[in-house]
Amino acid sequence: DIVFKERLADYCGGFISGVSDNYTKLKVSDVNIKIKSTDIEGRYEVVYTVKDEAGNQAKYTIYIVKKAGTASGGAIS
């Protein structure tokens, strides 16, 4: 499961094409990606957070479902 989560982190990082802010120069690498299992087997919660220099934070959550050994799906909430 650790190997899958590492691959899932790479997969989820691929969804980010850019990050912008009115004042702070942000990079894609500034986005923190946290992945955790849910109470449904094969379903993972992926939380993206990024914070600017003023302390303002943006947070997006998606859910990924593992099917047949691959990661697929997702919904922004």
Side-chain angles (χ1 to χ4, degrees):
D1 200 42
I2 291 172
V3 172
F4 174 75
K5 282 189 177 180
E6 289 174 0
R7 288 192 335 198
L8 183 58
D10 290 339
Y11 176 76
C12 293
F15 293 145
I16 306 168
S17 60
V19 182
S20 65
D21 183 70
N22 293 349
Y23 300 101
T24 304
K25 281 200 165 202
L26 297 171
K27 304 179 295 269
V28 171
S29 61
D30 293 325
V31 178
N32 182 310
I33 302 172
K34 193 175 285 186
I35 300 169
K36 67 179 183 178
S37 299
T38 65
D39 55 349
I40 299 170
E41 187 176 342
R43 185 175 184 219
Y44 296 87
E45 179 182 83
V46 182
V47 180
Y48 298 87
T49 55
V50 65
K51 193 181 278 191
D52 66 13
E53 290 177 0
N56 300 313
Q57 181 175 321
K59 183 177 181 179
Y60 298 94
T61 302
I62 65 171
Y63 293 90
I64 301 291
V65 178
K66 179 181 178 183
K67 291 187 180 184
T70 62
S72 64
I76 296 176
S77 64

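Positions are given from 1, in the same order as the sequence printed here. From a predicted model like this one, the values you see are computed outputs, not experimental measurements. Atoms considered below: every heavy atom in the structure, side chains included; atoms not considered: hydrogens, waters and symmetry mates.
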For the residue pair [X] and [Y], establish whether any side-chain heavy-atom pair is separated by less than 4.5 Å.
{"X": "Lys66", "Y": "Tyr44", "answer": "yes"}
{"X": "Val46", "Y": "Phe15", "answer": "no"}
{"X": "Thr49", "Y": "Lys34", "answer": "no"}

How long is the span from the CD atom in Glu45 to the CD1 atom in Ile62, to the nearest 0.5 Å?
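That separation rounds to 10.0 Å.
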Residues two or more places apart in sequence or in another chain: which of them pass side chain to side chain contact (heavy atoms under 4.5 Å, CB included) with Glu41?
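Glu41 satisfies side chain to side chain contact (heavy atoms under 4.5 Å, CB included) with no residue once adjacent residues are dropped.
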For Cys12 against Ile64, the heavy-atom pair lying closest together:
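Here Cys12 and Ile64 meet closest at SG-CG1, 4.1 Å.
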ILVMFWY network linking Leu8 to Val47, side-chain heavy atoms under 4.5 angstrom:
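No, Leu8 and Val47 fall in different hydrophobic clusters.
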Looking at [Y], is its backbone amide N or carbonyl O close enough to the side chain of [X] to form a donor-acceptor pair, meaning the two atoms are under 3.5 Å apart?
{"X": "Thr24", "Y": "Leu26", "value": "no"}
{"X": "Asp30", "Y": "Lys27", "value": "yes"}
{"X": "Tyr23", "Y": "Asp52", "value": "no"}

Excluding sequence neighbours, so at least two apart, what forms salt bridge (Lys or Arg N to Asp or Glu O under 4.0 Å) with Lys25?
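Scan of Lys25 (salt bridge (Lys or Arg N to Asp or Glu O under 4.0 Å), adjacent residues dropped) gives none.
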